[in-house]
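What follows is one structure encoded as structure tokens, with my remarks underneath.
Since the model is a prediction, treat every value here as computed from it, not as a measurement.
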Amino acid sequence: MDAKEEIKILENHFKEYDDICNQLDEQRYKWTELKNELYGIKPINYSGMPSGSSGKDMTLIFLERIEEVENKMRCLNARKLEIQEKHLKEINYLDSLDSRRIIREIFLNHHNTSDLEKLMNYNRSNIYKLRKDAYSQFANLIQKWTTLDSIG
């Protein structure tokens, strides 16, 4: 199996996790936008309004929308943690501690190669070699698991 196939297998394996992370980012952006709009609302002078006014206060509308976004974020975070736990258990099947760390940092923590250089205190060529080995080992494990799932 060549490197492109290995990367494709790994990206497909972590696709659901990445999708949830992207959805969380979108919800955080919505939350920030709603908060900014909420702080921009001018207070309403209720003294001249009739007591039976049926209009809803804009502040309440924004607070309800913020609460909806926060609830979505809670659900997404719970699902993200569940999937992350599953992936961490799978990553622990790798023999090398460096391979485990590389897969975890790249696919779960979304770090790039230069981040790994700083985190692991290795030079670029060592990181590339370790990353290649980790990708190969983990892609082989994934293929083995999918083969066993299709048989059993």
Side-chain angles (χ1 to χ4, degrees), residues 3-94 96-122 124 127-128 130-132 134-139 141-146 148-150:
K4 287 183 182 179
E5 290 175 9
E6 290 172 351
I7 291 171
K8 187 175 180 180
I9 288 171
L10 293 172
E11 286 174 349
N12 284 336
H13 187 70
F14 290 99
K15 184 175 181 359
E16 184 182 8
Y17 181 80
D18 289 339
D19 290 345
I20 288 175
C21 289
N22 291 336
Q23 289 175 25
L24 267 169
D25 289 341
E26 289 172 17
Q27 293 300 319
R28 282 187 197 108
Y29 178 76
K30 279 184 189 175
W31 184 84
T32 303
E33 289 296 312
L34 287 170
K35 284 283 193 173
N36 289 339
E37 289 179 37
L38 177 67
Y39 292 129
I41 295 174
K42 292 188 172 40
I44 298 172
N45 182 3
Y46 289 102
S47 63
M49 290 187 162
S51 61
S53 180
S54 63
K56 226 178 183 185
D57 188 0
M58 285 299 293
T59 305
L60 289 176
I61 293 170
F62 275 101
L63 289 173
E64 288 171 356
R65 289 171 55 194
I66 288 170
E67 187 177 354
E68 288 173 14
V69 170
E70 288 173 344
N71 287 337
K72 282 184 187 175
M73 287 172 56
R74 273 194 281 292
C75 291
L76 287 170
N77 269 324
R79 181 71 181 134
K80 176 186 171 188
L81 289 174
E82 184 180 305
I83 294 171
Q84 187 177 40
E85 187 67 31
K86 179 186 126 200
H87 286 315
L88 286 171
K89 287 177 184 174
E90 294 169 345
I91 290 169
N92 279 334
Y93 282 103
L94 291 171
S96 165
L97 291 176
D98 286 335
S99 294
R100 291 178 191 175
R101 186 164 188 197
I102 286 174
I103 296 294
R104 185 180 66 239
E105 294 297 337
I106 289 176
F107 290 102
L108 296 181
N109 298 338
H110 302 288
H111 287 132
N112 58 27
T113 306
S114 59
D115 294 337
L116 287 175
E117 289 177 52
K118 294 171 190 164
L119 286 170
M120 298 178 75
N121 211 14
Y122 288 155
R124 184 175 293 271
I127 292 294
Y128 279 111
L130 289 170
R131 189 181 75 179
K132 181 180 173 278
Y135 281 17
S136 178
Q137 288 175 26
F138 201 62
L141 276 174
I142 292 168
Q143 276 194 323
K144 189 167 99 177
W145 293 330
T146 51
L148 289 174
D149 285 345
S150 64

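Note: Ile127 CD1 to Ile102 CD1 = 5.0 Å, rounded to the nearest 0.5 Å. If you take NE2 on His110 and CG on Asp18, they are separated by 5.0 Å, rounding to the nearest 0.5 Å. Here the straight-line distance linking atom NZ of Lys15 with atom CG of Leu10 works out to 15.0 Å at 0.5 Å rounding. Atom-to-atom distance recorded for Leu24:CG and Cys75:SG is 10.5 Å, nearest 0.5 angstrom. Remark: Leu38 CG to Glu33 CD distance equals 12.5 Å, nearest 0.5 Å. With rounding to the nearest 0.5 angstrom, the CG atom of Leu76 is 6.5 Å from the CD1 atom of Ile20.
At a threshold of 4.0 Å, the pair Arg79-Glu16 counts as salt-bridged, since one of the basic side-chain nitrogens sits closer than that to a carboxylate oxygen.
Centroid-to-centroid, the aromatic rings of Phe138 and His13 come within less than 6.0 Å. Separation of the His87 and Phe14 ring centroids falls under the 6.0 Å cut-off.
At a threshold of 4.5 Å between non-hydrogen side-chain atoms, the residues Tyr135 and Ile106 count as touching. Under the 4.5 Å side-chain criterion, counting only non-hydrogen atoms from C-beta, Gln27 is not in contact with Trp31. Residues Val69 and Arg28 are not in side-chain contact: their nearest non-hydrogen atoms beyond the backbone lie 4.5 Å or more apart. Residues Gln137 and Ile103 form no side-chain contact, since every pair of their non-hydrogen atoms from C-beta on lies 4.5 Å or further apart. Between Leu119 and Glu105, the closest side-chain pair of non-hydrogen atoms falls below 4.5 Å. When side chains are defined from C-beta on, Asn12 does not count as touching Ile9, because their heavy atoms never get closer than 4.5 Å. Here the side chains of Leu81 and Gln84 are in contact, with some heavy-atom distance below 4.5 Å.
More than 12 heavy atoms of other shown residues, nucleotides or ligands fall within 6.0 angstrom of atom NZ in Lys35. Residue Glu70 qualifies as enclosed at atom CD: its count of foreign heavy atoms under 6.0 Å is above 12. Annotation for Asn121: atom CG does not count as buried by contact number, only 12 or fewer foreign heavy atoms lying within 6.0 Å.
Side-chain contact of Arg131 with Thr113: a donor-acceptor pair under 3.5 Å is present, judged by distance alone.
Side chain of Asn71 to backbone of Glu68: no donor-acceptor contact under 3.5 angstrom is found. In this structure, Asn109 contributes its side chain and His111 its backbone to no donor-acceptor pair below 3.5 Å. Between the side chain of Thr146 and the backbone N or O of Ile142, at least one donor-acceptor pair lies under 3.5 Å. Looking only at distances, a side-chain donor or acceptor of Tyr17 sits under 3.5 Å from a matching main-chain atom of Leu108.
The ring-ring contact (aromatic ring centres under 6.0 Å, His included) search around Phe62 returns none, not counting sequence neighbours. A search for ring-ring contact (aromatic ring centres under 6.0 Å, His included) contacts involving Tyr93 returns Trp145, not counting sequence neighbours.
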Would you sort out whether Asp98 and Ser96 count as a side-chain hydrogen bond (donor to acceptor under 3.5 Å, both in side chains), showing the intermediate values? CA-CA 5 Å; Asp98 286 335; Ser96 165; 4.8 Å; no

